[in-house]
Structures are given as structure tokens and as C-alpha cells.
Amino acid sequence: METPAKYNPAEVESKWYAWWMDHGFFHSEPDDREPYTVVIPPPNVTGVLHMGHMLNNTIQDVLVRRARMQGKNACWVPGTDHASIATEAKVVAKLAAEGIRKQDLTREQFVEHAWEWTRKHGGIILEQLKKLGASCDWERTGFTMNEGYSRSVIRVFVDLYRKGKIYRGVRMVNWDPQALTAVSDEEVIYKEQQGKLYYIRYAVKSGGVAVVATTRPETIMGDTAIAIHPGNPKTAHLKGKTVIVPLIGREIPVIEDEYVDREFGTGCLKVTPAHDINDYLLGEKHRLEVIDIFNDNGTLNERAQAYAGQDRFAARRQVEKDLAAAGLLEKVEDYTHKVGYSERTDVSIEPKLSTQWFVRMAELAAPALAAVENGDVQLYPPKFRNTYRHWMENIKDWCISRQLWWGHRIPAWYLPDGSFVVAENEAQALQLAREKTKNKSLTADSLQQDNDCLDTWFSSWLWPVSVFDPAVPGSGEEVDPNRDLQYYYPTSDLVTAPEILFFWVARMIIAGYEWAGGYPFRNVYLTGIVRDRLGRKMSKSLGNSPDPVALMNRYGADGVRMGMLLTSPAGNDLPFDEALCEQGRNFCNKIWNAFRLVKGWQPDENAVQPAASAQAVEWFRHAFRKALVEINDDFDKYRLSEALMKIYKLFWDDFCAWYLEIIKPKGGMDNATLDATLLFFDRLLRVLHPFMPFITEEIWQRLAERQPGESLMIALQPYANEFDETCLAHFEQLKNTVTAIRTLRQSKNIAPREPLELYVKGAFDENLFPVLQKIAHLSAIHPGRQPEGQNGHSFLTGAAEFFIPLGALLNVEEETKKLREDLAYQQKFVASVQQKLRNEKFVQHAPEPVVALERKKLSDGEARIKAIEEQLAALGG
RNA sequence: GGGAGCUUAGCGCAGCUGGUUUAGAGCAUCUGCCUUACAAGCAGAGGGUCGGGGGUUCGAAUCCCUCAGCUCCCACCA
């Protein structure tokens with residue numbers, strides 16, 4: 001096989017991905033091995049790959065590939081989420097562009113359009129993941145609207161209903177007037193906004209005036225009271241009075257409640273129970289009338305009298321004008337406040353009373369809270385435990401109905417009398433309805449299924465269960481023990497964004513305990529949020545996200561993977577910078593070139609292994625082992641970027657810059673060294689493979705003859721062995737010595753290969769002399785004191801003294817100055833250590849090893865001072 | 001308003017239960033090199049009184065208090 005001079009990622013990546021697929025390496029079936037399972041956080045079915053996905057899926061792939069190479073039965077389940085609001089919004093927009101309005105379609109027609117859209121766009125994102133190298137088991141690709149999956153969702157709903165954990169109720173919900181649906185609290189984004197505070201005069205029936213401050217003057221038509229603080233003298237004169245709502249002339253009472261802030265505005269609060277959550281609570285408490293003045297689309301209704309039909313914002317301006325004209329507007333102040341916006345449509349949320357379905361959460365949440373508290377489920381980084389606890393302890397009931405068509409339709413059927421039954425299907429519903437009404441002649445036609453869909457998260461929370469077992473035991477019926485669920489559940493690691501810790505992670509844990517007998521995953525790795533250079537979150541709306549596919553084309557998938565991982569410790573934000581991908585690409589290039597070098601070495605049967613090579617092999621063996629131990633430790637702690645950085649340095653610095661340079665043959669390559677080198681390369685590729693799957697497979701296949709179907713991705717990770725610290729320390733000193741010599745050459749303008757002589761005195765491993773001689777380009781190494789009467793440069797590494805004769809090259813003055821500086825530094829150091837040791841309290845209180853260490857520092861320092869003084873003397877200084 | 005976290009070289013970070021660290025890598029920067037694996041490279045160098053102040057201790061980047069700045073989560077004062 002010829003080795004191309006340039007590494008071509010595009011070609012290599014598509015080649016190996018297809019080959020891996022052909023050989024079924026991604027597919028998993030239960031067997032005797034230990035399972036390692038990951039379920040993908042399913043992206044929106046019509047979504048497009050963004051940087052967040054890149055990060056998230058790279059991390060998952062690293063974990064999965066590594067587990068596979070540890071001999072585990074790795075199974076990474078991919079799939080997509082039907083994402084009801086997001087998808088429905090897209091379909092509505094697409095139809096609108098074609099001149100079709102949703103309200104002109106039947107539910108069935110609309111859903112068919114949505115399916116068509118899903119079939120067309122769904123899966124694009126999965127194809128993009130393949131380009132990244134994701135080793136998912138594509139035969140298990142899931143979808144939250146699959147038949148089996150839908151059945152689980154419905155069963156779970158029915159099960160919860162029967163357990164009394166689902167109820168229907170009138171509640172204040174976050175209404176999205178554009179999507180015409182309620183959205184959950186979590187889907188409301190509060191934005192700081194420049195608004196106005198209007199001071200409005202309400203006439204008091206018995207004479208006088210009450211001034212009320214509000215940001216929403218258009219809601220006065222829904223006012224049913226004015227509230228004051230019972231202990232506020234400023235408003236005491238209003239107690240028990242009746243006031244008249246401006247413009248519409250309705251009479252409303254003044255109520256007293258401690259909720260009212262005496263300091264804010266005028267101390268007088270208008271109460272609009274239908275349009276403000278706090279007012280609603282006040283209204284409930286004081287049994288106030290509730291007057292809803294809005295239509296679902298945000299326009300005002302007939303109860304707003306003259307303003308009926310106007311949009312809420314237009315009405316606000318009109319009301320302001322009319323109030324001003326009537327002399328009822330005392331003043332208007334600028335006011336900054338926060339307004340809730342719908343995450344999906346970005347229109348401002350209207351608090352609205354409506355009948356919705358809710359899940360009672362408190363009891364369900366208890367085991368899920370305990371799971372994280374007692375460590376059954378580990379969060380990485382652990383700081384999220386606090387947030388998790390806080391949320392779970394204050395959990396509120398979950399509004400699960402959405403006024404949408406795309407999604408799982410709520411399995412409730414209304415009877416002619418207005419009551420309802422909940423069942424898995426229409427037939428069962430009919431049966432229940434007949435039993436309930438004792439009317440055997442009731443027909444399906446007389447049942448009307450609820451029009452709403454379930455919140456997307458009501459299906460996502462079953463993901464780790466349902467992808468393995470579509471038939472969740474939800475109805476209380478006996479379900480066949482499921483082979484896959486038993487084997488793969490609970491999953492091992494979940495990798496996701498912290499922003500959906502509550503949306504999704506917490507609810508999956510809840511669902512796991514409720515229906516699958518335990519936690520759904522052992523570890524949760526919460527990734528950072530990918531931001532742009534300005535620190536803004538990358539998002540489609542800002543258009544500040546680079547196109548991942550273009551990035552992969554430019555830097556190779558391996559390069560981008562490395563770029564994503566290098567600086568993304570769990571839970572920290574990742575300010576994305578293309579330079580990181582560049583670094584990744586450069587590393588690929590380095591690996592490729594190292595391979596070209598090694599591949600070019602032909603074994604020479606007659607060549608004898610040089611001493612330097614033997615030493616280098618011995619050293620690198622230990623260096624590799626040590627790095628491996630540290631890398632394994634990093635993995636155990638989910639410190640992937642640190643693990644990667646260690647491999648990066650191991651390969652680039654230790655393997656390429658030191659090891660390969662030392663063993664580079666001048667003539668023929670001996671077998672012993674070559675074999676060792678090929679083995680090292682093989683081991684390095686194994687450790688690298690989870691991070692950079694493509695280039696490692698390409699090189700591994702070229703490194704030796706392989707059997708058909710043999711692949712690095714199913715090879716085993718090396719085992720961590722004992723390593724020799726002494727050997728590593730000796731080599732470290734060697735490196736420092738070489739660096740000192742190179743620095744000397746640079747400062748004296750001595751060419752790198754100009755031979756020099758070296759005198760060594762003191763502790764230095766003589767076995768390393770051949771290595772030192774070779775890479776420092778020395779003509780000779782003399783053990784012993786520097787020769788008398790020669791000018792030269794002296795330096796220290798560790799406890800060894802070195803001398804290099806320089807003759808005329810040496811600038812005595814400069815050298816003396818340098819030595820004096822060094823001397824001063826050492827003296828200061830020794831002085832500080834002496835001071836410490838003179839401190840009786842230190843010697844008494846500090847543990848013995850610490851004191852001994854200080855003593856050693858002192859004696860080493862004194863020895864160095866002595867050596868420097870001798871050198872100065874030799875220079876005649 | 002409540003809670004959590006962060007602040008260490010130009011940048012993004014590591015430094016775990018205080019003592020082999022008078023602070024560590026990476027990238028960037030500067031200097032010298034086209035040395036037949038690699039200029040997407042090689043060799044070398046510089047750069048931080050660990051946000052400010054106080055305390056505990058023989059000893060603090062590390063523990064405590066306090067101030068300042070930033071971030072996130074929760075709540076949503078009209």
C-alpha cells in the first residue's frame with residue numbers, strides 16, 4: 001500500500017464509515033458481555049445539526065467507542081424527537097407559504113402534511129451525525145412517534161390517570177397567542193424590556209379618586225377589584241370603598257391584602273384575575289369575578305366592549321389615548337420590567353385561564369430526587385446536584401396538554417354529558433363510557449376525543465425505556481419480559497445540555513422509577529453550552545453558528561472532534577473558536593507524518609540495536625504506561641478534554657519529539673527497535689481511536705497486515721501496567737539537559753549539529769549518555785569535573801553539574817553576569833528555606849516529611865551555590 | 001427577591017481533602033531555523049504578587065469572613 005504524502009480526511013472518513021457499517025460494528029445484540037448503553041438525546045426530527053449537537057455527540061461517541069474497545073457490548077441508540085411545537089410551527093409556515101391555512105385543513109389532513117414533512121426532512125440530522133463518525137446502532141433508530149413508542153406514551157398517560165396522578169383543571173397557563181397553545185413554564189423566556197408604567201385614575205363611587213399603577217392598561221376591562229395593603233396609611237381612605245373602572249364604568253370593590261407592596265407605585269393594585277397569575281391567586285382568595293377579555297389569538301373580545309377585535313398592543317395604545325382624553329391618565333413613567341416570551345414563537349406570553357391536563361408531580365418526583373441525592377444517579381459536574389435538588393423540592397404540577405395536532409393525542413374521550421373517560425383506544429373508551437353511563441347503546445360516534453396533544457416531553461421522558469421496550473407496562477397489564485430492556489436498561493451514561501436538566505433529565509429519572517423499576521442511567525454528563533466569540537449562545541436565530549458540515553469539510557471530522565473536545569470540561573461554556581479545529585487538523589497531520597516516518601523504515605537484519613534506542617524504548621514504555629494510568633483516571637472522572645490533552649502531549653512531545661528523534665536510524669533500522677516502535681504506534685492508535693476514529697483506523701490498517709474484517713474500532717484498549725518512576729525521572733533530567741544545551745547553542749549561535757563536548761559531574765544516569773550524545777549532538781561525554789584552565793559554559797540540572805568547553809566562543813563577562821544572577825537567585829532561595837527552618841514552630845508542627853523536604857531543598861541549594869561559586873572562580877570572577 | 005457557581009499568564013483552563021508548586025500545561029506571542037516525517041513544522045524564550053481587603057495557621061491559589069465583578073438556575077412586584 002502506498003502511503004500518500006498528504007492525509008486526505010474526506011476520502012478516508014467516508015471510506016471507513018461505510019466499511020464499519022458494512023461489517024455491522026455499530027450494531028449490538030444482547031450477549032454475555034457487560035452492556036454499555038447510551039441513548040442519544042433525540043434531536044428534533046426536522047432539525048439541522050448545530051454546534052451543540054457536535055459537541056454532545058462527539059462526547060457520546062468517545063465514550064461509546066472507548067467502552068466498545070474495553071470489551072463491553074456497546075450500544076448507542078440514535079433517534080429523533082417529533083418535537084410537536086417546533087415541527088408544527090414549521091409545517092404551518094410551510095403550508096402558509098403555499099397559501100394553505102391550518103384552520104382550513106382537517107386534523108387528519110394536517111397530520112398527513114406533517115408526516116410528509118417529517119419523512120422529507122427527518123433523518124437529515126442523523127445523516128450528518130454519520131459524517132461526524134457517530135458509532136450509533138442505526139438498526140435501532142428510534143422516533144418518538146413510532147407506533148410502539150406512541151403506544152407507550154398513551155399507556156403511560158392512562159396509567160397515571162388511573163393512579164390519580166393526572167387531572168384536568170382550570171389553571172392560569174402561559175398562552176402563546178401565535179401558536180395558539182399553552183406552553184410550559186420552562187418554555188417561557190423572560191426578557192428585560194423597556195416599558196411604561198401608567199398611572200390611572202379610578203373614580204371612587206362615594207367621591208374622590210384612587211390612582212393605580214399598571215404596565216398593562218388594556219386589561220382594565222378585566223379588572224374586578226382594586227387591592228390595597230391593610231396597614232398602609234396612604235391608601236387607608238379607600239378601605240371598603242367601591243371604585244369605577246374607567247372607560248367602561250363598571251363598579252368594583254376595594255379589597256385588602258398583604259400581598260400588595262406598599263412601596264410600589266401608588267400602593268394601589270388593580271386586580272385582573274383572568275390575566276395575571278398573582279391577580280388570579282388574589283381573585284381566588286377573595287372570591288372575585290373572573291373576566292377574560294382576550295381571544296385566543298391575543299385580540300380583545302366583546303367583554304372589552306369598544307375595544308373588541310383589536311390586538312392587545314393596539315388596544316394598549318388606544319386605551320392610553322382614551323384615558324388621556326378623559327383626563328384619567330395621571331402620568332406615564334418609563335419602566336424596565338421583564339416580559340415572558342414564548343421560546344418557540346418569540347411572541348409575548350399571555351397569562352390565560354384555560355382547562356388543561358396536569359400531572360401531579362410531588363409524589364412522582366420523590367424517588368428521582370433521592371436517586372441523585374444518594375448517588376444512584378451521578379451528575380457531572382456535581383455542582384448541578386444543587387440546582388437539581390432545588391428544582392425537585394419545589395416541583396410544580398406539569399401542564400401536559402398542548403393545543404396542537406402534531407403529537408400524541410390525549411387519550412380522553414368526552415361523553416355527551418360532558419364527562420370523560422380515559423382509555424388506550426376508542427374501543428376501550430366506548431366500553432368504559434357504556435359502563436359509566438350504564439347505557440349499552442352508546443356508540444363511538446357519540447364520543448369526542450380530546451383535541452389536544454401531549455407535551456413533547458411527555459413522550460421524551462420515556463426515551464431510555466421505550467427505545468428498548470415499546471410496550472411499557474403502563475396499563476398495569478402483564479407485559480412479556482423484554483430481552484432488550486432487561487439487558488440494556490439502565491443505560492450507562494447520558495450526555496446532554498444542562499438547559500434540559502429539568503425538561504428532560506429529571507423527568508426521565510422520574511419515569512424510570514415509575515415504570516422501569518429504577519434509574520434510567522448511572523451517570524449524566526452535562527456538556528457546556530457552545531458560545532460564539534462574543535460569548536453569545538449559538539443559535540439559529542442569531543445566525544452565529546458555523547455550519548458543522550462545512551467545518552468537517554475544512555478540518556476533517558477528526559479535526560473538528562478534537563477541536564470540540566479540547567476545551568470543553570463538563571458543564572463549562574465552550575467559547576467556540578475555529579482555531580481549535582485547526583489545532584485538531586494539525587494534530588492529524590502530525591500523526592500522519594509520524595506514520596510516514598515509521599512506515600519508511602525497513603528492517604535491516606544486520607543492524608544491531610543502538611544503546612540509545614534501547615534506552616528510548618525502555619523510557620517510552622514507562623512514559624506510555626504512566627500516561628495511560630492518568631488517562632484512565634481522567635475518563636473515570638469524565639474529564640475528557642484532559643484525557644485528550646494527555647494523549648496529545650504523549651504523542652506529539654514524547655513519541656514524536658523525543659522518542660522518534662532518538663531512535664531515528666542513521667543507517668539500517670534494527671528489528672528490536674522497529675518492533676517496539678510499531679507496537680507503541682499500535683497502542684497509541686488504540687488510545688487515540690475514541691477521539692479520532694478515522695485517521696487512527698486508516699493508519700492502523702496500514703501499519704500491519706490485517707485479517708479481513710479486522711478493525712481498530714473493535715480492538716481492545718491497552719491495559720494500564722506498572723511504570724518505573726525512577727526511569728521517568730532520569731529521562732526528565734536528560735530532557736532538561738538537552739534543552740540547556742540547545743539553549744546554549746541558540747544564545748551562542750552554535751549550529752544545532754556542530755559537535756560539542758560535555759563534562760558531567762554528579763547524579764546523572766550514565767545509561768542515558770548515548771541518548772544524550774545523539775540528540776544533543778555531542779562529540780564526547782566526559783564523566784568528571786571540568787578541566788582546569790578551560791573557558792566554557794556551566795549549568796546544572798537536578799543535582800548534576802555540566803560543563804561545555806567553548807574556548808573563544810565564551811564571553812567571560814556575559815557568562816559571569818549570568819552566573820551572578822543565578823547565584824543571587826539561589827541565595828535568595830536558600831535564605832527563604834533557612835528562615836523557614838529557623839522557625840521553631842514550623843519544625844515542631846509540620847509533619848516530618850515536610851521538614852525533611854525543606855532540609856533537602858536547603859542542602860541542594862547550598863550545593864548549587866557552591867558549584868556556581870566554583871564556576872565563577874574558574875572564570876576568574 | 002431567593003439559590004448555586006465562577007474570578008489563576010493575552011485567551012480558554014488544570015491545580016482533588018492547605019506543605020516536593022518562591023504557581024502548571026495548551027493555544028496565542030517573541031526569537032532562530034525550509035535540519036530529506038511534518039513550515040499545518042522544528043528548536044528556544046518571555047509572560048501570572050492566583051479579583052480587592054481581612055482572618056485562621058508554623059505554613060493559604062487551596063480553609064473562613066468581607067467587598068467587587070461575572071455567569072447560571074428559580075421566582076416574576078403591578
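Everything numeric here is computed off the predicted structure, so don't read it as measured data. The chains referred to below are lettered A, B, ... by the order of the sequence lines, with proteins before strands, and numbering in each begins at 1.
For A:Y648, counting side-chain heavy atoms from C-beta on, the closest listed nucleotide (B:rA78, B:rC27, B:rC42) is B:rC27. Of all nucleotides listed (B:rA78, B:rC42, B:rC74), B:rC74 comes nearest to the side chain of A:W391. Taking the side chain of A:R585 as heavy atoms from C-beta on, and the options B:rA78, B:rC58, B:rA40, the nearest nucleotide is B:rA40. Among the nucleotides B:rA78, B:rC58, B:rA37, the one closest to any side-chain atom of A:N593 is B:rA37.
Within a heavy-atom distance below 4.0 Å of RNA chain B, the residues of residues 735-748 of chain A found are A:T739, A:R742, A:T743, A:Q746. Of the residues in residues 214-228 of chain A, those lying under 4.0 Å from RNA chain B by heavy-atom distance are A:T214, A:T215.
Minimum interatomic distance between A:A594 and A:C656 (heavy atoms only, all atoms of both residues): CB-SG, 3.8 Å.
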Short heteroatom pairs, N/O only, protein and nucleotides 15-25 of chain B, under 3.5 Å:
from, atom 1, to, atom 2, distance (Å)
B:rU22, OP2, A:K857, NZ, 3.4
B:rU22, O4, A:Y825, OH, 3.2
B:rA25, O2', A:K649, NZ, 2.1

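Between A:D577 atom CG and B:rG10 atom C1' there is a gap of 13 Å when expressed in whole angstrom units. Protein atom CD1 of A:I500 is 16 Å distant from nucleotide atom C1' of B:rC72, rounded to whole Å. Whole-Å rounding puts the A:E578 CD to B:rC11 C1' distance at 17 Å. Rounded to whole Å, the distance from NZ on A:K590 to C1' on B:rA37 is 8 Å.
Nucleic acid contact for A:E754: none, since no nucleic acid atom lies under 4.0 Å from a heavy atom of the residue. If you check every strand for non-hydrogen atoms under 4.0 Å, A:V260 touches a base. A:W601 comes within 4.0 angstrom of nothing in the nucleic acid, heavy atoms only. A:Y335 comes within 4.0 angstrom of sugar-phosphate atoms only, judged by non-hydrogen atoms across all strands, and of no base. Residue contacts shown for A:N749 are absent, as no nucleic acid heavy atom lies under 4.0 Å away. Heavy atoms of A:D261 sit under 4.0 angstrom from at least one base atom. In this structure, A:A657 reaches the sugar-phosphate backbone alone: every heavy-atom distance under 4.0 Å involves primed, P, OP1 or OP2 atoms, never a base.
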Original post:
Could you spell out the base pairing of RNA chain B in dot-bracket, with Watson-Crick or G-U pairs whose two distances are under 3.5 Å, [ ] crossing and | to another strand?
Top reply: (((((((..((.(.....[....).)).(((((.......))))).....(((((..]....))))))))))))....
**OP:** Walk me through it: do A:I200 and A:L323 pass the test side chain to side chain contact (heavy atoms under 4.5 Å, CB included)?
**Re:** CA-CA 8 Å; A:I200 301 170; A:L323 284 172; 3.7 Å; yes
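Side-chain N/O atoms of A:K396 include none lying less than 4.0 angstrom from OP1 or OP2 on B:rC74.
Judged by distance alone with a 3.5 Å cut-off, no donor-acceptor contact links the side chain of A:Q583 to the base of B:rA28. Between the side chain of A:N589 and the base of B:rA40, at least one donor-acceptor pair of N or O atoms lies under 3.5 Å.
Under the ring pair (Phe, Tyr, Trp, His ring centres under 6.0 Å) criterion, the residue pairs touching residues 262-285 of chain A are A:F264-A:Y335, A:H275-A:F294, with sequence neighbours excluded.
Across the interface with RNA chain B, nearest-nucleotide mapping of A:Y7 and A:W658 shows A:Y7 to be the residue nearer the 5′ end.
For A:E725, the salt bridge (Lys or Arg N to Asp or Glu O under 4.0 Å) test picks out A:K626, with sequence neighbours left out.
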